[in-house]
S.K.: 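What follows is a single structure, and I will ask about it in a moment.
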Amino acid sequence: MTPGPDRAASGPGPGPGPVLAVDVGGTKLAAAVVEPDGTIAVQGAVPTPAGPDTAPVTAALHQVIRQVIGDRDADALTAIGIGSAGPLDPAAGTISPVNITAWRDFGICDSLRPLLPGRPVVLAGDGHCMALGEHWRGGYPGRALLGMVVSTGVGGGLVIDGRVHPGGSGNAGHIGHIVVDMAGPPCPCGGRGCVEAIASGPAMVRWAVGQGWSPGERPGDARTLAEDGRAGVPIATAAFDRGALALAAAVVSATALIDLDDVVIGGGVAAAGDLLFAPLRTAVAELAGLDFVRRVRIHTSSLGNDAGLLGAAALALEAAAHQ
Ligand SMILES: [Zn+2]
């Protein structure tokens, strides 16, 4: 994606200037001021308040935004880009994140619009923003990139020819719900045998516990499972091998369909590093047959948690340039 100056030269608009980027997740609400060249000038985050009441969550979001804007002249900010956990309706500007029960059909765009009157406000899924952020700032020159977040769930987004591929309803890229085991376990989505039902952190932990693994006094999560995997505990390594195989099946299938150049994987489970990526690369090599599928490159996210904010910023910069 080309940063500000070229875009500003291509048409009327407020000219290149920083944008406000917002990242809405079930664990935290993050915001940043991002320069047209992708530099994060300032960023902040607050835990997402739990509970069913709308007001505290909305107040926390506005608080973190006020905090990052600080003493800066808000008029200098040219647009707002929002990436959010889904489901969401980008056209209506509303979100209903599964893990934020306080917000159902919450009009996040209308809520933030008064902060920068007259400026564009754009909304996209968090997986789309992660993929776009990686494409923009991660240094992948290919034409087709899949971003994946392997964490409590498995999410993703597609960037094709430099643009997010939204799909028919704005939901393309749900790689976590590609079916990889037709006799597999039920998935939180209501389906069965999805990648997420096998390779998400909780799914791996559930399987390991079913095989007799115990975290002992430690938290029973994917981080502890990874700790044991690195220590060579057989059930823990088997859980990661199994998750990696499911991810590989999804990556190979998606590559056959879309002719992907790059797959960039981030999220808490991906932080396990080689414990996940070594069996993943082996399984991709085993499952892929066609030459164009075998050429897919698999990367660990280099941007980490910043990818979503940077993707939201990229959307905002584009909206500002076309205003
Ligand atoms: Zn599913």
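Atoms within each ligand, like the ligands themselves, are counted from 1 in listed order. The chain is numbered in sequence order, starting from 1.
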S.K.: Please report the closest heavy-atom contact between Ala197 and Ala203, naming both atoms and the distance.
M.R.: O-CB, 3.3 Å
S.K.: Is there a salt bridge (charged side-chain N to carboxylate O under 4.0 Å, His left out) between Asp274 and Arg281 once you walk through the steps?
M.R.: CA-CA 10 Å; Asp274 279 351; Arg281 290 195 173 95; 5.1 Å; no
S.K.: Any Lys/Arg nitrogen of Arg294 or Asp291 sitting under 4.0 Å from an Asp/Glu carboxylate oxygen of the other?
M.R.: no
S.K.: Dump the intermediate steps for side chain to side chain donor-acceptor pair (under 3.5 Å) on Thr58 and Trp103, then the final yes or no.
M.R.: CA-CA 9 Å; Thr58 309; Trp103 280 346; 3.2 Å; yes
S.K.: Excluding waters, how many protein N/O/S atoms sit closer than 2.8 Å to the Zn ion (ligand 1)?
M.R.: 4
S.K.: Test your reading of the model: is there a side-chain donor-acceptor pair from Asp261 to the backbone of Arg143, 3.5 Å cut-off?
M.R.: yes
S.K.: If we ignore hydrogens and angles and just use 3.5 Å, is the side chain of Thr48 paired with the main-chain N or O of Gly25 as donor and acceptor?
M.R.: yes
